[in-house]
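For reference, the structure is listed below as structure tokens.
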Amino acid sequence: MNEKLKRFLTMTVERSPVWLDEHSFSYLRSDEQGTHIWEMNLDTNEKWCRLPQELRLFRISAQPTTGDILYGTDESGSECEQLYVLGRNTTAPKALTNKTDARHFLAGLSPDGKTIAYASNKRCTRTFDIWKKNIETGEDILVKQHSDNYNWPADDSMSPDGKWVLYNKLKGESDNALWITNVDSGESFRVPGDDRISAETNPAWRHDSKGFYLLSNRDSEFLRVWYYDLNTKQMTVAFSYDWDADRLALSADDRYLAVVVNEEGYGTLHLYDLATGTELNTVRPPNGVLAEHQQVSWSPKGHKLLFTLTSGKRPEGIWLLDVDQDTLRRISDDPMLPEEAAVVVEPLEGSYTSFDGLEVPYWLFVPAGKKPENLSVVVEIHGGPEGQERPAFNAFIQYLVSEGFAVCAPNVRGSTGYGHTYTHLDDVGKRLDSVRDIDSLVDHLIKAGIACPGKLAVSGTSYGGFMTLSCASRYPHLWACAVDTVGMYNLVTFLENTAEYRRHHRESEYGTLEHDRELLFNVSPAAKIMDITAPLMVVQGRNDPRVPVTEAEQAVAALRKMGRTVEYICYDDEGHGVAYLKNKIDCYSKVAAFLKKYL
């Protein structure tokens, strides 16, 4: 076994902190033993494991009035999450749902801790309804039935009085309407009450349930902070930036609003005193990525803020900002050994001009002690496509860098974080423009003397896998090898076979089966598969509900039939990506060996 790689993959990472009471919090911890739920007492600094079995945990939440921990987990990558509650003084979780072929998303726990609200597609696999459940009796009640696809609870979606649930009708990155439902009557309406195409996300309720702050892209290139008054049903702008606001949290007494802003990939924390309308001049976190896809959590008493922070040289850890004391400290221990700290690097920020004059940003990880000159380069393309490569710690990237490879991670057109217009530059018929961005990137890296010609690989996961196959097939002369993980091979068969509730959302990005079938095939790697000449590795999860295993099987079969070099790894207990530690160690060992062989 590659012990060095194993160390990188098993460095302790702590994330998703949620308060249990004013003295303790719960969080997710991943280390050599897998991912588990832990608890920490801030008075004593004692940590202990609350849930020892390794699970695929998506998110946890807690109810400070009861100390209960709620979480969702699936089996073997199916993404059919079931909900569980772990009581304050218990060691065994209680199952709250048990329909294993359906997804369940927690919307919230009532103030008395007796009722949960959640969304599920258990009635109909194509759509998500809003339900509530009495935890004590097990009684399930359908609150709001739907006929459209995504109706997913927003963050902090249940009002503090337990009366309302907020959820999104997701159709696209910029078409993500926010709705509200009364959990007793089923009364529902849109927030705000019009039919404009816009995105409203990340609500943070006032604790008197009279309204909430939220993010919206209305009338702006970027997500701004708004306030919605539940009585008047009016929404007004509260704070604006020249970048996307990314995350919100409101203190327990409604005095302070925390806003995380995504500034060129870095997370900047802004704290506002809502009584005065001014921003606090308080201690600031170091440069990095704050709370990506995670909650920011205020203490139930006082003004202590928990959040996660990561950067190129910092594995994800939990930090505590005490506004009253004006102090900031990292709660998580530094997991790195001195010899590891010496070889991990912060990425360099760069950009280049693409084929049509568009400025495209990228991150460049250069091996410690080396200059960015004449390097073997792995071009790593993010998924999404509406995603963003950010300067966060990535164990496998840092391992490759420690082995002498450079890694270039671009944010080609279609990425989020650079404005509404940029995000939609690759929609439908413009799909291949993002692939051309990679051709321009390689040209830039070679002309700048950064990359050695003939020593480049392309790699990516999910949509990044689609891009990998597209780059390998449309620009075959550029690559020494390629690694596709759960990527789409044929957009027609992908849309036909992806989970039913996902299809409409994905069609808004790629085009529809009804109207764009020929286009969908023509922009797919399947249309140019015969042009792939570089050795290819394909990684897949057998149970993937997003990009079905048949996508990988088609690509592998076509290449093998033509006698091309292709290595195929399929994990029977995985879904969309590689999640379990044993599989990560196996997979990334093989990927690393593959890259070393051909680069």
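FYI, side chains are in, hydrogens and waters are out, and symmetry mates aren't considered; it's all heavy atoms of this structure.
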Electrostatic pair Glu187-Lys163, nearest N-O below 4.0 angstrom: no
Aromatic plane relationship, Phe128 with Trp152 - under 30° parallel, 30 to 60° tilted, over 60° perpendicular: perpendicular
Arg413 and its side-chain hydrogen bond (donor to acceptor under 3.5 Å, both in side chains) partner, picked from Thr423, Thr421, Asp426, Asp437: Asp437
Lys/Arg N to Asp/Glu carboxylate O, Arg190 vs Glu200, below 4.0 Å: yes
Pairing of Lys132 and Asp184 as salt bridge, 4.0 angstrom limit: yes
Rounded distance [0.5 Å steps], CG in Asp573 versus OG in Ser78: 11.5 Å
Test: Arg503 and Glu496 ion pair at under 4.0 Å: no
Sidechain N-carboxylate O distance under 4.0 Å for Asp140, Lys122: yes
Aromatic ring pairing Phe466/Tyr463, orientation class (parallel under 30°, perpendicular over 60°, tilted between): parallel
Trace of the ring-ring contact (aromatic ring centres under 6.0 Å, His included) decision for Phe222 with Tyr241: CA-CA 8 Å; Phe222 297 100; Tyr241 314 90; over 10 Å; no
Ring geometry between Trp131 and Tyr118 (parallel below 30°, tilted from 30 to 60°, perpendicular above 60°): parallel
Thr66 side, atom OG1; Asp21 side, atom CG - distance, nearest 0.5 Å: 10.5 Å
Thr512 and Glu514 side chains, donor-acceptor separation under 3.5 Å: no
Glu386, His382, Gln388, Glu389 screened by side-chain hydrogen bond (donor to acceptor under 3.5 Å, both in side chains) with Ser415, the one that passes: His382
Geometric class of the Tyr272/Phe239 ring pair [parallel <30°, tilted 30-60°, perpendicular >60°]: parallel
Distance, nearest 0.5 Å, that separates CH2 of Trp38 from CD1 of Ile60: 13.0 Å
